[in-house]
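Here the structure is laid out as C-alpha cells; the discussion comes afterwards.
Keep in mind the model is a prediction, meaning the values are calculated, not measured. Every chain is numbered from 1 and lettered A, B, ... according to where its sequence line falls, protein lines coming before strand lines.
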Amino acid sequence: MSGEAGAPADGSGEIREISYFQAIFEAHQEEMARDERVVLIGEDISLYTRAGLLDGSLEGRVFSAPIAENGFSGMGVGAALTGLRPVVDLTIASFIYLAMDAIVNQAAKIRYMTGGQASVPIVFRASMWHEGSNAAHHSDRPYPMLMNAPGLKIAVPATPADVKGILKAAIRDDDPVVVFEDNSLWFKSGPVPAGDHLTPFGVAEVRRKGSDVTLVAIGGTQGVALEAAEQLAGQGVSLEVIDPRTLVPLDHETILASVARTGRLVIVDPANRTNGAAAEIAAIAAEYAFDQLRWPIVRVTTPDVPIPFSPAMEQPLYPSVADIVEAVRKLQ
Amino acid sequence: MSGEAGAPADGSGEIREISYFQAIFEAHQEEMARDERVVLIGEDISLYTRAGLLDGSLEGRVFSAPIAENGFSGMGVGAALTGLRPVVDLTIASFIYLAMDAIVNQAAKIRYMTGGQASVPIVFRASMWHEGSNAAHHSDRPYPMLMNAPGLKIAVPATPADVKGILKAAIRDDDPVVVFEDNSLWFKSGPVPAGDHLTPFGVAEVRRKGSDVTLVAIGGTQGVALEAAEQLAGQGVSLEVIDPRTLVPLDHETILASVARTGRLVIVDPANRTNGAAAEIAAIAAEYAFDQLRWPIVRVTTPDVPIPFSPAMEQPLYPSVADIVEAVRKLQ
Amino acid sequence: MTDALRIEMYRRIVRIRLFEESVKKQLAAGRIPGSVHLSIGHEGAVAGACLALNDGDQIVGNHRSHGHPIAKGAQLGGLMAELMGKRTGVCKGKGGSMHLADHSVGVIGESGIVGGGIPLATGAGLSARVLGNGCVCLCFFGDGASSEGSFHESLNLAAIWKLPVVYFCENNLYGATTPARDVLAVEDIAVRAVGYGIPGEIVDGQDVEAVYRVTKEAVERARCGNGPSLIEAKTYRYGEHAEGLIIPVAYRDTAEVERWKQRDPVEIQRRRLVEAGVLSDERADEIGDEIAGEVERAVAFALESDLPDASAAFDDVYGRPVAGEER
Amino acid sequence: MTDALRIEMYRRIVRIRLFEESVKKQLAAGRIPGSVHLSIGHEGAVAGACLALNDGDQIVGNHRSHGHPIAKGAQLGGLMAELMGKRTGVCKGKGGSMHLADHSVGVIGESGIVGGGIPLATGAGLSARVLGNGCVCLCFFGDGASSEGSFHESLNLAAIWKLPVVYFCENNLYGATTPARDVLAVEDIAVRAVGYGIPGEIVDGQDVEAVYRVTKEAVERARCGNGPSLIEAKTYRYGEHAEGLIIPVAYRDTAEVERWKQRDPVEIQRRRLVEAGVLSDERADEIGDEIAGEVERAVAFALESDLPDASAAFDDVYGRPVAGEER
Ligand SMILES: Cc1ncc(C[n+]2csc(CCOP(=O)(O)OP(=O)(O)O)c2C)c(N)n1
Ligand SMILES: Cc1ncc(C[n+]2csc(CCOP(=O)(O)OP(=O)(O)O)c2C)c(N)n1
Ligand SMILES: [Mg+2]
Ligand SMILES: [Mg+2]
C-alpha cells in the first residue's frame with residue numbers, strides 16, 4: 001500500500017509494477033528523449049547504453065568520466081550555466097565529499113552570486129549503501145550536511161514512483177537538486193504511472209493514516225516504519241507515517257498538521273544522529289507545534305559511529321522495527 | 001564579564017588581557033615548544049615566523065603549502081598517523097569543502113576503520129568571516145555539517161581564554177579536532193591565564209546566570225547574547241547565557257539542567273538555519289527536557305541564503321540583539 | 001592583426017588600468033566595501049587573451065578578475081556599481097569584487113574559491129561540444145590555482161573529450177605572499193601540459209600582442225575540435241595581493257617590483273603603436289581621456305545608484321521561491 | 001640481488017596468489033561478506049615494490065590491496081579473519097576488504113576512496129622528514145586514481161619538500177569497467193612526473209625483479225633526501241573488478257585477458273629461478289605447499305574466531321569515549 005500512496009496517477013498512463021532501479025532509468029530515458037540538453041556525467045556510465053538501460057541513440061550524451069568527482073561535478077555546473085541540463089552520477093554517496101566544492105560553493109551559490117543572471121539546472125545522484133559490509137568509506141548518508149547549504153534542493157525518494165517522479169522533476173528544475181537514492185530500495189518494485197509522472201517538491205506523502213503518533217520516516221526507512229505501524233496497530237496504537245520525500249524544501253505543513261492531531265512525534269532517519277535530518281524536523285516541531293505536542297520528540301537514527309564492516313556490528317546500527325516500536329512505547 | 005567566565009584560572013600563571021588572535025598564536029607557540037611533533041601546515045604561513053607571531057626557531061616545522069586543501073589536509077592526516085601532531089590551517093572556513101574527503105572520509109574514520117590501531121591527532125583550524133563583504137565564497141559557517149561526521153570533535157571557542165585553551169587541548173588530543181574561529185573575535189581582548197591553560201571538551205560555560213530563559217549562544221554570538229540579556233534584565237527578564245564551547249562533544253547536562261530550571265530555550269546560532277547546530281540542540285531539548293519545557297524552542301540563526309556581498313544585505317542577516325530580544329519576547 | 005585591433009588592445013588595456021586605479025581610490029574613500037584584488041600589471045595578459053575570442057565565446061575568471069569582464073566588453077557602470085554593493089550592480093550587489101559575472105558578454109562566473117572556476121570553464125566546453133554552437137571558453141586562473149586538484153582533473157577531462165577550452169594561467173610569480181617557486185615543483189606551469197597530451201605555451205604577459213597571437217591559435221585549435229591548450233602568461237601584479245590588506249613582512253623585493261614596472265603593458269603597447277605609426281601620441285592621450293571619462297561616468301552611475309533593500313538578500317536563492325519555514 | 005631475495009620474491013608472489021584464490025572461495029561460500037577486489041595478476045608489482053622497502057618503512061594501499069599487506073610481511077590469519085568480519089581480524093572486523101591496515105608491519109592504511117590514500121602517504125613522507133627517522137613510504141594506487149586531484153596535489157607537495165615517498169601506480173588498464181585509454185589523456189601515467197620535476201619510470205609489472213629494481217632505486221633516492229618518484233607498473237587483473245560483481249556487458253576482450261595470463265608473474269619468476277638454477281622445481285612445489293598450508297591455517301583461524309559483539313561498533317570512534325547522549 002505504500003507504493004500506491006507514493007504514486008498518485010497523473011492520468012497520463014497505465015500503472016505498472018517496476019523496480020526502483022528501473023524507475024531511475026525510465027526517468028533518465030524519458031527526460032533525455034524529451035530534451036536534448038540533458039546529458040549524463042559519471043563513472044562507468046557508458047554501461048548504461050551498452051547494457052540497454054538507456055537507448056543506444058543517447059550514447060553521445062553519456063559522458064563516462066575519469067575518477068575525478070570534483071572536476072566532473074564542477075564541469076557539470078559549468079555545463080548547466082551554459083545551456084545543458086546535466087545529471088551527474090556520483091554513484092556512492094560517500095564520494096560527495098570529494099565534490100563538495102562543486103556542489104556547495106559553486107552549484108548552490110552561483111544563481112545567487114550572479115544576482116539571478118544564471119541558473120544552474122543540474123541534478124546530482126548519489127546512492128546510499130546499507131548492510132552490504134561496504135564499511136566506512138562506502139556507507140555514508142550525507143544528506144543532512146547538504147541541507148545546511150542554501151541553494152540546493154535535497155530529495156530522498158523512497159518508492160519507484162517517487163524516484164521516477166523526483167528525478168524527472170529535478171531534471172526540469174532550474175536549480176541544483178541532489179537526489180539521494182537508498183540502495184536497499186533499488187530492487188524493490190512498486191506501481192509507477194507510465195509517461196510524464198512528476199513528483200512535486202516540498203509535498204510530503206502520508207504513507208499511512210493514523211491518529212496516535214506521527215512517525216516521520218526518511219528515505220529507505222518507510223519499510224520499517226510501516227511494519228512498526230502495522231505491529232503497533234495490533235496493539236491498539238495508531239501511527240501516521242509521513243514520508244517527506246524532499247528535505248529541502250520540506251513540507252512543514254503536513255508534518256505540523258499531523259503532530260497537531262497526534263501530539264506525538266517520532267522521526268526515523270537513517271543518517272547519523274547528531275545533526276541528522278531528524279534534528280531539523282524535531283527543531284521545527286519544537287518551535288511550531290509545541291503547544292500541540294504532548295510528549296517528547298524521539299529520534300530513531302543510526303548512531304554516531306562510522307559504519308563498520310562486519311555484519312555483526314553493522315546490521316544492528318540501522319533503525320529497525322523494534323527500535324521504532326520501542327521509541328513509540330516510550331510515549332505512553 | 002564574559003571574559004572572566006571563559007577563563008577559569010588553572011593556577012599556573014597570571015591573568016593577562018590579550019586578544020583572541022594573540023591567544024591563538026600563544027597556543028601554537030607553547031605547544032610547538034613543548035612538543036617537537038607539532039607541525040603547522042597551511043597557505044602563506046611562513047609569515048607566522050617571519051612576522052614574529054611564532055618564534056623563528058620553529059620555522060622548520062612550519063610548512064607553507066601550495067593551494068591544495070585536500071592534498072595538504074590529507075597529508076596532515078598521514079603525518080598524524082605516523083608520529084606527528086599537525087595543525088592544518090584551512091584559513092577561511094569555506095575552503096573546508098575542498099578538504100572534505102581528507103577530513104570526513106579519512107581523519108574522522110581511520111581510527112575506527114583500523115580497529116583502533118591508529119590514532120589521528122590532528123587539528124584543523126578554520127575562521128568564519130562575517131560582515132566584511134566577503135560574499136558567498138568566503139562567508140560560510142560549516143560546523144553543523146561536520147557535526148554529522150562521527151569521529152570528529154568540533155569546537156567553537158568564543159573568548160581569548162577559550163581559543164587558547166581549546167587549541168592547546170586539541171593539539172594534545174589523540175583525535176581529529178576542527179576548531180572554528182570567529183573572525184569577528186580576532187581583535188577582541190579578554191583575560192587569559194599564562195602558561196598551561198587547557199579548556200576541557202564537552203564542558204559548556206555559563207556566561208551569565210539567569211532564571212527565566214536559557215539562551216544557548218554559539219561561538220561569536222556571545223556578544224549579542226550578553227547584550228540582549230542585559231537589555232532584558234532591565235525589563236525584568238533574567239536570561240541564562242550558555243556557551244557550549246564544543247559542539248562535539250556537546251555538554252547536554254549543563255543545557256538540560258538550565259532548561260529544567262527556566263522552562264524556556266532560545267538558541268542563537270550564526271550558521272544557516274536548516275540543520276544548523278541550533279537544530280541539534282533543539283532536538284536534544286525536545287527529547288530530554290520536554291517535560292520541563294513550557295514554551296516553544298526558538299532558533300535565532302542566519303537565514304538560509306548564501307551570504308551576499310553588499311553590506312546593505314549582509315549585515316541584517318546575522319543574529320542581532322534585537323532578534324534575540326524579539327525571540328525571547330515571544331516566550332511570554 | 002589589423003591596426004584597429006591593435007588599437008583596441010591598447011584601449012582595453014587602458015580601460016582596465018584606469019578602472020582599477022579608480023577602484024583603488026573608491027576603496028580608500030570607503031565607497032567600496034570589503035577588499036579588492038586588482039588587475040593592475042596583468043592588463044596585457046587579460047586583454048590580449050580576451051580579444052582572441054568571439055563575442056559569443058565565454059570566459060571564467062577568479063578572485064582577481066575586475067579586468068576580465070572589461071576585456072570581454074562589459075559596461076563599466078554595472079561593474080563599478082557591483083563593487084560598491086549597489087542594486088544596479090551587474091550582480092545586483094550580491095557578488096561583489098570576486099564574483100563579477102556578466103552573462104550578457106559571456107563572463108559566466110568568477111570564483112572566489114581558488115581553482116573553483118577551472119571545472120566550470122570545462123563545463124562550458126562540454127556545452128559547446130554537445131550543443132555544437134562553436135563557442136570556446138577561456139579559463140583564467142593563477143599560478144597558485146595550478147596546484148589545486150581541480151586544475152589536474154579539468155585538464156584531463158577537457159583533453160580526453162577535446163573540449164574547446166583554453167586554460168590561461170596568469171603566472172604573477174606569487175600566490176598571495178607565497179612565491180610560486182616555493183610551492184610549485186616546476187618553474188613553468190606550461191610543462192604540465194605534457195601530462196595531458198595538449199599544447200603548453202609560455203608567453204610574455206606584458207606584451208598584449210604576443211598574448212593575443214598565442215591565445216588566438218589556441219582558440220582556433222579549440223574551435224576546430226582539436227581540443228584544449230594550456231597557456232602560461234608570465235606577468236606581475238604591481239600592488240598588494242589585495243588592496244587594503246596589510247602584510248606584516250616583505251615577501252618580494254622592491255627591486256623586483258620596479259623591474260617589472262619597467263615593462264608595463266600599457267607603455268609597451270603605446271610605444272609600439274606610436275613607433276609603428278599606428279597611433280599618434282595625441283590620439284593615445286585622447287584615448288586615455290575618453291576612457292577616463294567612461295570611468296568617471298561609471299563611478300557617478302555607481303554613486304548615484306541605490307543600495308539594495310535588505311530584503312533582496314532573500315531573492316535569487318532559487319529560481320522560484322521554495323516553500324518552507326517563514327523567516 | 002641475492003638468491004635468497006629472489007626466492008623470497010617468489011614466495012611472496014605465491015603467498016598473495018594462494019591467499020587470494022582462497023578469498024575467492026570463501027566469498028563464494030558465503031564466509032566473507034560484501035565484495036572483494038582481488039590482487040590476482042598484480043602480484044609481481046605488489047611484491048617487487050614492497051620488497052624494495054625496509055621493515056620499518058610504510059605502505060599505503062587502496063581498495064585492491066589484499067596483496068599489499070602480505071607483501072609487506074603481515075600475518076595471514078589476521079587478514080583472513082578481517083575479511084570474514086571476525087573480532088580477531090587485523091582491524092577487529094571494522095575495516096574489511098578495502099581497509100586492511102596492519103600498523104605492526106607498516107601498512108598504515110588502505111583507502112576505499114579512490115585516490116584518498118595518496119595524500120596519506122605524502123603525510124608519512126612528511127613525518128619521515130620531520131622526525132628524521134629514515135623511513136620511506138610507498139604509495140599504491142591505480143590508473144583510475146591518477147585522474148583524481150589528490151594525485152596532482154600530492155605529487156606537487158612531495159616534490160617541493162623532497163619527501164621520501166614513492167608513488168607506485170598499478171596500471172591494470174582499467175578503472176572498474178572503464179578502459180584507461182578512454183579517460184586518461186596520455187598513454188603512460190609516468191609522463192606526468194614531468195609536471196612535478198621528478199623521475200617517472202615505466203616498468204613491467206609482471207616481472208617482480210624488474211619492479212624490485214626500479215622501486216629500489218626510487219626508494220634509495222627518497223631515503224637519501226632526493227625526493228619522490230613516480231613509478232608506473234603495467235599490469236593486469238585476471239578477474240572481475242570486484243569478485244561477485246556481475247557486469248552486464250563485456251568491456252574487455254577475452255583474448256586480451258588470455259594474452260596477459262601468458263605472462264603470469266608467478267610463472268615468470270618460477271621459470272626464471274628454475275632456469276637460473278636458483279630453485280629446483282621440487283623446491284618450488286614445496287614452497288607452494290608450505291604456503292598453501294599457511295593459507296589453510298589462516299582460514300581455520302578465521303573460521304574459528306568469533307564475530308565481534310554488536311556493541312563493539314561503539315568502540316574506537318574516539319580514543320577516549322566522548323561524553324554525549326546515551327544511545
Ligand atoms: C580554495 C581557496 N584557497 C585559498 C584561498 C585564499 N586565497 C585567495 S587568493 C590566493 C592566492 C591565489 O594565488 P594565484 O592563484 O596565483 O592568483 P593571484 O592572486 O596571484 O592572481 C589565496 C591563497 C581561496 N580564495 N580559495
Ligand atoms: C572517490 C571514489 N570514486 C569512485 C569509487 C568507485 N570505484 C572503486 S574502484 C574504482 C576503479 C578504480 O580504478 P583504479 O584506480 O584503476 O584501480 P583498480 O581497481 O583498477 O585496481 C572505482 C571507480 C571509489 N571507491 N572512490
Ligand atoms: Mg599568482
Ligand atoms: Mg585500474
Side-chain angles (χ1 to χ4, degrees), chain B residues 36-37 39 41 60-61 63 65-84 86 98-99 101-102 105-106 108-122 150-153 173-176 201-203 246 248-253 284 287-288, chain D residues 58 60 82 87 89-96 98-99 101-104 108-113 115-128 130-131 133 135 137 148-158 160-161 163 308 312-313 315-320 322-325:
Chain B
E36 295 208 328
R37 298 168 303 171
V39 298
I41 301 168
R61 285 189 273 140
F63 290 88
I67 313 176
E69 286 77 6
N70 196 51
F72 68 67
S73 296
M75 180 182 76
V77 175
L81 282 172
T82 51
L84 297 182
L98 286 84
D101 180 47
N105 276 330
Q106 309 297 347
K109 292 173 180 166
I110 286 179
R111 174 189 292 281
Y112 195 81
M113 294 193 303
T114 63
Q117 290 177 77
S119 49
V120 187
I122 189 168
L152 300 178
K153 297 178 183 176
D173 200 290
D174 281 339
D175 288 305
F201 284 22
V203 181
T246 60
V248 179
L250 180 66
D251 180 351
H252 294 189
E253 290 67 30
I284 288 164
E287 181 155 4
Y288 300 109
Chain D
Q58 292 130 343
V60 168
E82 185 63 30
R87 70 163 77 196
V90 70
C91 303
K92 298 188 197 156
K94 290 209 164 91
M98 290 195 273
H99 307 289
D102 184 347
H103 280 242
S104 72
I108 60 171
E110 298 189 343
S111 175
I113 298 296
I118 310 181
L120 303 187
T122 309
L126 187 73
S127 285
V130 173
L131 301 172
N133 59 16
C135 285
C137 186
E148 289 279 13
S150 63
F151 165 88
H152 172 71
E153 297 186 2
S154 296
L155 267 68
N156 188 52
L157 284 160
I160 59 171
W161 291 321
L163 304 183
D315 304 334
D316 300 319
V317 182
Y318 297 98
R320 269 174 300 163
V322 138
E325 200 167 356

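- Annotation: side chain of D/I160 is in contact with side chain of B/P66 (closest heavy-atom distance under 4.5 Å).
- Nearest heavy atom pair, residue B/R37 against residue D/L131, reads CG-CD2, 4.5 Å.
- Residues D/L126 and B/A79 share a closest heavy-atom pair of CD2-CB, 4.2 Å.
- In terms of heavy-atom pairs under 4.5 Å with chain B, the best-connected choice from D/G95, D/G115, D/A128, D/A124 is D/A124.
- Between D/H99 and B/I110 the shortest side-chain heavy-atom distance does not fall below 4.5 Å.
- D/L120 contributes atom CG, which lies 9.5 Å from atom OG1 of B/T82 (distance to the nearest 0.5 angstrom).
- Atoms CG and OG, from B/L84 and D/S127 in turn, are 3.5 Å apart once rounded to the nearest 0.5 Å.
- Note that CE of B/M75 is 9.0 Å distant from OG of D/S154, once rounded to the nearest 0.5 Å.
- Residue D/A121: no heavy atom, backbone or side chain, is found under 4.5 Å from chain B.
- Shown here for D/S150 and B/N70, the closest heavy-atom pair between the two residues is CB-ND2, 4.3 Å.
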Inset, instruction - Decide yes or no on side chain to side chain contact (heavy atoms under 4.5 Å, CB included) for D/C91 and B/Q117, but give the supporting numbers first. - result: CA-CA 7 Å; D/C91 303; B/Q117 290 177 77; 3.6 Å; yes
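- For D/E82, no part sits under 4.5 Å from any heavy atom of chain B, backbone or side chain.
- With values rounded to the nearest 0.5 angstrom, D/S111 atom OG is found 6.5 Å from B/M113 atom CE.
- At distances below 3.5 Å, not a single donor-acceptor pair connects side-chain atoms of B/Y112 with backbone N or O atoms of D/Y318.
- Neither the backbone nor the side chain of B/F201 comes within less than 4.5 Å of any heavy atom in chain D.
- Heavy-atom pairs under 4.5 Å with chain D peak, among B/A80, B/G116, B/P176, at B/G116.
- For a residue to count as touching a neighbouring chain, one of its non-hydrogen atoms must lie under 4.5 Å from one of that chain's; by this rule D/N133 does not touch chain B.
- Atom CG of B/L81 sits about 10.0 Å away from atom SG of D/C137, to the nearest 0.5 Å.
- Looking at D/A313, both its backbone and its side chain come within 4.5 Å of chain B, counting heavy atoms on both sides.
- Both the backbone and the side chain of D/V90 come within contact range of chain B, each with at least one heavy atom under 4.5 Å from a heavy atom of that chain.
- In terms of heavy atoms, D/A101 sits closest to B/T114 at CB-CG2, 3.6 Å.
- When each of D/E110, D/K94, D/K92 is checked for heavy-atom pairs under 4.5 Å with chain B, D/K94 comes out on top.
- With a 4.5 Å cut-off on non-hydrogen atoms, D/V130 touches chain B through its side chain but not through its backbone.
- Taking CG of B/D174 as the start and CZ of D/R320 as the end, the distance is 7.5 Å to the nearest 0.5 Å.
- Heavy-atom distances place the backbone of B/L152, and not its side chain, under 4.5 Å from chain D.
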